[in-house]
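Everything below concerns the one structure shown next.
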Protein chains: 4
Amino acid sequence: MRFCVFGAGRMGAQHIANVAAHDTAVLAYVCDVDLERAKVLAERYGAKAISDPRIALDDKSVDAVIIASATNTHVDLLVESAKAGKAILCEKPIDLDLTRVDYCAELIKDCDVPIMIGFQRRFDATHMAVKQAVSDGEVGAVEVVTIISRDPSPPPASYISVSGGQFHDQMIHDFDMALWLTGATGTLELCAMGSNLVDPEIGKLGDTDTAHVMIRFESGVLCRIDCSRRAVYGYDQRVEVFGSKGMVTSANLLKTGIERFGVAGTGSRDTLLPGFMERYLPTYSTELNYFIDAVSKGLKIESDFASGRNAILLADAARKSMKDGKFVTVNLGS
Amino acid sequence: MRFCVFGAGRMGAQHIANVAAHDTAVLAYVCDVDLERAKVLAERYGAKAISDPRIALDDKSVDAVIIASATNTHVDLLVESAKAGKAILCEKPIDLDLTRVDYCAELIKDCDVPIMIGFQRRFDATHMAVKQAVSDGEVGAVEVVTIISRDPSPPPASYISVSGGQFHDQMIHDFDMALWLTGATGTLELCAMGSNLVDPEIGKLGDTDTAHVMIRFESGVLCRIDCSRRAVYGYDQRVEVFGSKGMVTSANLLKTGIERFGVAGTGSRDTLLPGFMERYLPTYSTELNYFIDAVSKGLKIESDFASGRNAILLADAARKSMKDGKFVTVNLGS
Amino acid sequence: MRFCVFGAGRMGAQHIANVAAHDTAVLAYVCDVDLERAKVLAERYGAKAISDPRIALDDKSVDAVIIASATNTHVDLLVESAKAGKAILCEKPIDLDLTRVDYCAELIKDCDVPIMIGFQRRFDATHMAVKQAVSDGEVGAVEVVTIISRDPSPPPASYISVSGGQFHDQMIHDFDMALWLTGATGTLELCAMGSNLVDPEIGKLGDTDTAHVMIRFESGVLCRIDCSRRAVYGYDQRVEVFGSKGMVTSANLLKTGIERFGVAGTGSRDTLLPGFMERYLPTYSTELNYFIDAVSKGLKIESDFASGRNAILLADAARKSMKDGKFVTVNLGS
Amino acid sequence: MRFCVFGAGRMGAQHIANVAAHDTAVLAYVCDVDLERAKVLAERYGAKAISDPRIALDDKSVDAVIIASATNTHVDLLVESAKAGKAILCEKPIDLDLTRVDYCAELIKDCDVPIMIGFQRRFDATHMAVKQAVSDGEVGAVEVVTIISRDPSPPPASYISVSGGQFHDQMIHDFDMALWLTGATGTLELCAMGSNLVDPEIGKLGDTDTAHVMIRFESGVLCRIDCSRRAVYGYDQRVEVFGSKGMVTSANLLKTGIERFGVAGTGSRDTLLPGFMERYLPTYSTELNYFIDAVSKGLKIESDFASGRNAILLADAARKSMKDGKFVTVNLGS
């Protein structure tokens, strides 16, 4: 399978390295508006550097694309790639604007190409073990799902201003996690609350840094999501699935296995992994393996366009609920 | 300090034993509508058994009363005891009906007697350590409080029908916990969701068995409460206080310290304490010590009438929020 | 069952309170060389205070005795009580001198009375759970037993000088634990090493404060014991049983369930229980229940005279091994 | 720095990949008696495949060698490489026979080349954190070091027969760990015990599969090592350093962060990493980085020839102690 990777930034570089290291994949093109940046990575792995996506899209030998460019380019690249018949692995979010997402869906509805949205947490070994345990019935009927996502420190204000806000930028992963773990369909009710407690600059931009969402799925299953932009003890990422037969949790991962015992306390473990990248770096190659496997075998892709759209639906609903101080009803697509 | 204990049921018996075992307290009367039941306990500890509260209330040698009789007798006994000038330790709730609570407050407003409502969790060693750590500034500015309360198994339908519902019967402790830990005052917003997932009989009675509440205090601090009537792994009682400098949690207590390592997993600890009584039994004597100490020294009692009323306010608001599907604003009294 | 308790010191007081609180036991006598001390406790529980043991031993209505007096009185009281036909619960050690122990055994060999040596750790809920798991085959064939016993702080030199030394005073409990958990019989090999690292005063008295023993039982099972007179993080008491199917451990018990998360580490739990008494206080009533149950039903007592002797055998062997720098072979009695 | 790697087996392949991936190192030669095996790896990374070590040793452009060939070739390659002036990273053990080790030392004593023995555990992130904490004085004066090393399953009998026995093959890492963590010098006393409990085939070959060693260093510090060839719950690798101010431990690493709560227990974590390679794979590149850094900057190498010899000294002493049933005294070289 021959790939073109769109975007040679931090995320693109990761995808590029993974494609290059894959046993059967071939990195054909690295495409970036900054051709020099593309060249650096292309040369390292023996690929062609381009700045015009059409070159790769017109190349019949290219089977698949990875869209890791700026968020506002996702929809156009998705449409063009789909029309060119390429299998697509697109970084989340599809777009920050649901109208644009639906416009995209309309344009590609007749393109029969595999599309995967990069919710990489679905490929984290611990979360996968939890999902598997739930699927295996270990917790019985699921009753409550709890997700805690706290970043070690807030992003700079410059990032906040273009991020789409805490629900769309940070909690969007948790919305996907909630939908993935519950397999929820149909209608749900949601309420959201948020505060600006961490960094006043974030508040000046009209955003929150501490936000909670409560969801009641059609099945009656309850879900709580807790996000913060700052946890001084490291990247706090926990998931708990509770049901009629017990509970499984995805516990935090630590920097090392050291434990301390002293007059101040016992069993003090190391701090958590320092951030998002340290935690989820290994997931990108697992995600790529899954994508290549699914495309080559024609399997249904779980993290699909509808999943990407649903996460945005929930982020929109959360923003509305917090703004209006009201419960919001959401109809999940499928 | 000479005591009369009203109520010789399970809870009363506990108070009676604690008074009898206390160094300076004296158990003078055991009062119960069922005189025979009162006699059994009175004789064991050398006290008088009565069925008419007036006997104790008219006895000038009685300094204090503990009200551990049926909930619907609390208000009358509170009023009569207050008018008789007795120091009062009253089991929660004051009443299930806020109108009655306010009626009670009106009647006793001129009685200058110490009144303590029995939120015994405030006297649990682990919760107290968390409260102390928060007061000591260990977590910095508090940002998020999370409380999980899951009973090992649901009560019988007969109990549910007179319990006042999940918010008033089970979650009322958590409301008090939230207010105690945050020291919140002023106005708050609250939303609640609930489901009937555990026992259909509970649903038939119009009650929930799985319920969540989300609160935003005036300070911006967020709080989440998660209650379930059934956790097969034992009495799940967790509190987490998160802030600018870190987090402290009140972790679950276990039956024993055994841990298992095998092909199925490692570090598997024992199940949690089997229930409410096993967990909170030791708190009742700590609570009594606090009461006696506060009354004899004339100290301000923290778990006071207003605390008891505030917990009911929140339970009322949660019931209304869930019923109407709306955010509810609450003005805390003090 | 009517009891006389010999010894009204700290340990005796505990036994006295437990006998008094027991449903079917009756505290008849409290006997102490210091009659005033005996009187205080006797009066509290409605018993007779005596200073002459013969009064109780000659009283046919007394069924059982608890020997909790000074160690050097144990043998005489054991012999006299056995000859008087009383059931006996004797605090460990039987004596510090094996010759005296064997002399005692010889004198009582024809007395058909139940004798139990108070190895109270066998009645600790966590250790019992471990023993049960091992008996249930959870770890398969036992291969390795590890015991760690570290006191929070060393006793004063005045105590060290009459204690019999670290093997006889501190590690004797661990020797019994090892024998109990393995059910070992026959011949074993042992080596011991020790150091004076904690308190120079202990070294001046010729004793160690840090000592290890390694045992190879006849079955090939290996055992390691690690004792220290000082662990600043609390009373460190761990047991680990490892075998062909896994491992069970008796983990430490903590003061409270608080856990801390900050820049210095995560999951930091409270310090361990502060000492021996806090950890093992609840075992004394379990031990008493077992004794009363076994005596009244005529059951075999596991923690018997031979157990008491075997623990001393191992302590003697350890002392010899360390002194001579040699492996020592021990033939266990039964 | 240009490298030749001797040995293209499992361990050699790991070193080859790490050299190839290193920023400044160049893989010049892959040398193996099986030239075809060498060719496969050499071609992958653009190096030359050779079967005659002399080609690389005579090549003046080669700066360093990694000796990862069969143990019985280590001494000859060490000598030849040292005489050729190459910096040497040699897999442990130097040799199974101390006479050969000393013969080697004699031959290379005038060769002024950097020599590092590959005790890769010293480069494990968790062990390094423990070592750092000890160096930082977190535990105060070290009093007790405990090391537990249990493999998930025993090697085949064919391997056992050439392994040198459990002390030389498995526990040699633990001996180095003990010396590294304590920084011990001078004289020590040691006793060892072992059993054949896991696999009768191992016993038939005269080897143990369950072995313990107890050490008393000149400083009085005590050390215990516990090895088993089988732990069904995974690769059990723990280190505990206890001292006057507390304790730090190197806890086990787990497959994932999943935790389970059910009727059988709570907080059950995943099984441990499945084996040696999963645990220590990341250490080889850290080790290589250290080697390259030390050689290029002329720094003292801690894991040096003397370290390699000392570990063998202890293994020899342990074998002798177990065989003779005697304490053995060892004089550490430096």
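Side-chain atoms are counted along with the backbone in the values below, which use heavy atoms only and exclude waters and symmetry mates. Everything numeric in this text was worked out from a predicted model, so none of it was measured. Chain letters run A, B, ... following the sequence lines, proteins first, then strands; residues in each count from 1.
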Exercise for review: Please look at Glu138(D) and chain A and tell me whether the side chain, the backbone, both or neither of the residue comes under 4.5 angstrom of a heavy atom of that chain.
Suggested key: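 Side chain only.
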
**Study point:** Side chain / backbone / both / neither for Leu253(D) at chain A, heavy atoms under 4.5 Å
**Key:**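 Just the side chain, heavy atoms under 4.5 Å.
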
Review point. Which atoms of Thr249(A) come close to chain D, meaning under 4.5 Å heavy atom to heavy atom: side chain ones, backbone ones, both, or neither?
Key: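 Both backbone and side chain.
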
Point to revise | Partner chain D: residue of Ala251(A), Gly140(A), Gly246(A) with the largest heavy-atom pair count (under 4.5 Å) | key: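 Counting heavy-atom pairs under 4.5 Å, the top option is Ala251(A).
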
Review point. Going from CE on Met128(D) to CD1 on Ile258(A), what distance comes out if it is rounded to the nearest 0.5 angstrom?
Key: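 Separation between the atoms: 12.0 Å.
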
Practice item. Using atom types as modelled and distance alone, determine if a side-chain donor or acceptor of Thr256(D) lies under 3.5 Å from a backbone N or O of Thr126(A). Key: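 No: the side chain of Thr256(D) does not pair with the backbone of Thr126(A).
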
